[in-house]
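Scroll down for the structure; my scribbles are underneath it.
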Protein chains: 2
Amino acid sequence: MATAKEFDEFDAPAHLKRRSRPLRVADAIKDLMVENDMVAGDRLPSETKMIEMFGMSKGTIREAMRLLEAQGLVETKTGPGGGFFIRQVSHERARALLGNYFYFQNLRIADIYQLREMLEPELAASLAGKLPAHALERLERDIARYSSPATSLEEERDHHVNSLRFHMRLAKYADNAILGFLIDFMASILSDITVSRHLYDPPNFDLWKNGIDCQTRLVAALRGGDSDAARSIMTEHMKYARRLMQNQEDIVPKRFIRER
Amino acid sequence: MATAKEFDEFDAPAHLKRRSRPLRVADAIKDLMVENDMVAGDRLPSETKMIEMFGMSKGTIREAMRLLEAQGLVETKTGPGGGFFIRQVSHERARALLGNYFYFQNLRIADIYQLREMLEPELAASLAGKLPAHALERLERDIARYSSPATSLEEERDHHVNSLRFHMRLAKYADNAILGFLIDFMASILSDITVSRHLYDPPNFDLWKNGIDCQTRLVAALRGGDSDAARSIMTEHMKYARRLMQNQEDIVPKRFIRER
DNA sequence: CCCAATTTGTTCGTATGTATC
DNA sequence: AGATACATACGAACAAATTGG
């Protein structure tokens with residue numbers, strides 16, 4: 001169990017001496033989580049308890065909790081029975097944090113499509129014959145949301161967003177958590193960019209048609225359990241969309257992804 | 001410019017009223033960064049200044065800065081000329097933060113290899129003929145580090161780590177920032193797991209041999225600008241390694257990735 | 001080498017807000 | 001409604017780090 005002594009700054013190795021107290025407390029809490037096999041929902045010691053444990057002031061402890069909160073690892077509740085609780089890092093938080101990184105990385109649209117072209121076909125193939133009826137119906141409802149041609153620019157924008165929503169839905173069903181997360185991340189960035197940069201303007205009828213067509217055939221292939229067909233339909237779709245975005249070599253605009 | 005009034009809690013829309021003050025300050029600072037096109041190295045207003053600006057106490061401001069610090073967006077320096085400085089989210093920080101997410105996701109070794117098999121061949125292909133001499137030499141030096149068979153378990157472990165280091169090096173040269181980051185991330189997780197789970201035990205001579213062989217041929221292909229060869233060598237290598245890990249269906253052990 | 005100025009780091013006491021019983 | 005247990009927030013004071021004279 002953690003004692004105040006362990007965290008005494010004078011005990012710290014030389015190269016760690018300068019680390020601030022909140023940072024050290026946050027690390028200690030992480031260790032606590034790992035060593036005690038704590039899971040989401042578990043309660044951490046209260047502020048007062050931590051003040052004793054670490055021999056540090058309330059402000060320092062609070063700063064430490066903020067460090068963990070920003071990482072999505074901890075949430076806070078006031079009132080009796082309240083305190084700091086361990087939280088599973090949410091999809092949305094992870095997406096936003098990774099987005100912060102790419103905020104500085106001069107992403108190009110083509111980069112995103114290069115990834116999508118590698119990942120999405122494999123996801124499609126892996127899901128063939130694996131999805132329950134309600135999932136397939138949900139996908140069909142996603143498609144239905146933009147199945148009639150857009151008659152206004154706003155509708156065109158919504159079509160783009162809804163088309164990407166289909167891909168995010170697919171990503172949720174992924175058996176491979178990394179694969180699912182990444183596909184969702186790509187679609188999410190793309191959706192942001194499409195809206196903020198007005199990439200839906202001018203409307204592109206062919207892209208819409210290809211999207212509807214491919215997604216419809218894809219659902220059929222998924223239902224039929226035809227893995228190869230699913231892969232090649234998705235490949236075709238990605239290549240098509242990529243070609244249309246190919247000239248979008250612009251740097252992705254700088255803005256932070258909001259946690260939704 | 002931001003004024004205290006803007007952040008008065010009573011001005012906030014209903015659904016945002018409960019957001020804590022540090023959270024709101026952190027968001028305001030992010031907006032400040034975006035709107036003023038601030039870049040890494042730029043200095044944010046000092047504590048005292050922010051206390052005025054937001055009309056909040058020192059503790060609250062500091063908690064807000066910790067929120068940004070944890071995301072890797074801000075660093076702090078004491079002394080004259082010190083203060084809060086904008087910082088480009090580092091590779092290592094992004095890796096650690098994303099690692100937090102997967103800490104809760106029941107990752108399997110096979111999942112990681114599925115991704116590597118998709119991504120690494122494309123990276124290899126895209127680098128053929130593009131790397132300057134010093135980069136190729138660096139890769140060769142990475143290979144040299146484990147070119148003689150391991151004679152002890154520690155050496156075997158180092159061989160695994162060094163082999164993965166080769167892939168991380170390759171990732172650094174990627175033109176596509178997302179692709180590079182992801183490959184590095186996979187190799188990094190794998191390296192962690194290999195060490196912490198002793199996956200290098202028992203030693204696997206064939207895996208080592210295949211690694212050396214493939215990497216040597218890969219560098220030759222990269223130097224010769226043979227894109228297709230580079231892709232197929234990497235594919236072969238990944239498939240081989242994947243097969244050997246195939247039975248490693250275990251859940252990845254729960255531990256946080258340390259920022260290095 | 002020391003001293004002074006500047007800026008963050010940390011503590012403590014107090015008061016307030018919030019949810020539960 | 002009142003008591004309790006918890007986080008949230010403020011303000012004043014002092015400590016530590018860094019820079020420049």
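Below, chains carry the letters A, B, ... as their sequence lines are ordered, and counting in each starts from 1. Predicted, not measured: the structure shown is a model, and the values here were computed from it.
- The side-chain contact (heavy atoms from CB on, under 4.5 Å) test applied to Ile51(A) returns Lys58(A), Ile61(A), not counting sequence neighbours.
- Checked against side chain to side chain donor-acceptor pair (under 3.5 Å), Asp184(A) has the following partners two or more places apart in sequence or in another chain: His91(A), Arg95(A).
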Take nucleotides 10-21 of chain D nucleotide by nucleotide from the 5' end and write B, S or -, depending on whether a protein heavy atom sits under 4.0 Å from the base, only from the sugar-phosphate, or from neither. B------BBB--

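- Among residues two or more places apart in sequence or in another chain, the side-chain contact (heavy atoms from CB on, under 4.5 Å) test is passed with Glu154(B) by Ser152(B), Arg157(B).
- If you take CD of Glu75(A) and C1' of dA7(D), they are 14 Å apart, rounded to a whole angstrom.
- Put simply, CG on Leu23(B) is 10 Å from P on dT8(D), counting in whole angstrom units.
- Between Arg19(A) and Asp27(A), at least one side-chain nitrogen of the basic residue sits less than 4.0 Å from a carboxylate oxygen of the acidic one, meeting the salt-bridge criterion.
- Atom-to-atom, CD of Glu63(A) to P of dA7(D) comes out at 16 Å; the value is rounded to the nearest Å.
- When the salt bridge (charged side-chain N to carboxylate O under 4.0 Å, His left out) test is applied to Arg165(B), no partner is found at least two apart in sequence or on another chain.
- Proximity of residues 65-72 of chain B to DNA chain C (heavy atom under 4.0 angstrom from any strand atom) is restricted to Arg66(B).
- Applying the ring-ring contact (aromatic ring centres under 6.0 Å, His included) test to every pair with at least one member in residues 160-180 of chain A, sequence neighbours left out, gives these pairs: His167(A)-His237(A).
- Listed by chain and number, the residues in a salt bridge (charged side-chain N to carboxylate O under 4.0 Å, His left out) with Asp142(A) are Arg169(A) (sequence neighbours excluded).
- When DNA chain C is scanned 5' to 3' for any atom under 4.0 Å from a heavy atom of chain A, the first and last hits are dT10(C) to dT20(C).
- Scanning for salt bridge (charged side-chain N to carboxylate O under 4.0 Å, His left out) contacts around Glu140(B) gives Arg223(B), with sequence neighbours left out.
- Evaluation of the side chain to side chain donor-acceptor pair (under 3.5 Å) rule for Arg87(B) yields no partner, not counting sequence neighbours.
- For Glu63(A), the side chain to side chain donor-acceptor pair (under 3.5 Å) criterion is met by Arg62(B), Arg66(B), not counting sequence neighbours.
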